[in-house]
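So the structure is just underneath, and the comments pick up after that.
Below, each value reflects all heavy atoms present in this structure, side chains not excepted, and no hydrogens, waters or symmetry copies. Each residue takes its place number in the sequence, starting with 1.
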Amino acid sequence: MIIPESLKIGDTIGVVAPSDPIIGDNVEEIKQAKKIVEKSGFKVKFSKNIYSNTCGYGASAKEKAEDINAMFADKNVKM
């Protein structure tokens, strides 16, 4: 079993939205959540296509894959 390290103050948390789009009230909700996490001492990095809305989905399949792979490849991001 792989057990990841605990988050430490100053770590960057990556956020991707590969399913439903972030639209309407959800936009304000995620911005507020980011503020709360940052006030707790963490950094927040949203994926490139976090606000994409393709046919009622968060992004195209290619964009979803790119976002997820980019976050895993970013050594500064804890997911």
How long is the span from the NZ atom in Lys34 to the CZ atom in Phe42, to the nearest 0.5 Å? 15.0 Å
Going from NZ on Lys31 to CD1 on Ile22, what distance comes out if it is rounded to the nearest 0.5 angstrom? 10.5 Å
From the list Lys64, Met71, Lys48, Glu66, side chain to side chain contact (heavy atoms under 4.5 Å, CB included) with Val16 holds only for Met71
Under 3.5 Å, is there a donor-acceptor pair between the side chain of [X] and the main chain of [Y]?
{"X": "Glu63", "Y": "Ser60", "value": "yes"}
{"X": "Asp11", "Y": "Leu7", "value": "no"}
{"X": "Asp67", "Y": "Asn49", "value": "yes"}

Side-chain heavy atoms of [X] within contact of [Y], under 4.5 Å:
{"X": "Asp74", "Y": "Phe72", "answer": "no"}
{"X": "Ile30", "Y": "Val15", "answer": "yes"}
{"X": "Val77", "Y": "Ile13", "answer": "no"}

Ignoring hydrogens, what is the shortest heavy-atom contact between Ser40 and Ile9? Give both atom names and the distance. O-CD1, 3.1 Å
Of all heavy-atom pairs between Ser47 and Ala17, which one has the smallest distance, and what is that distance? OG-N, 4.2 Å
Are more than 12 heavy atoms, taken from residues, nucleotides or ligands other than Lys8, located less than 6.0 Å from that residue's NZ atom? yes
Full working for side-chain contact (heavy atoms from CB on, under 4.5 Å) between Tyr51 and Val27: CA-CA 8 Å; Tyr51 295 113; Val27 173; 4.1 Å; yes
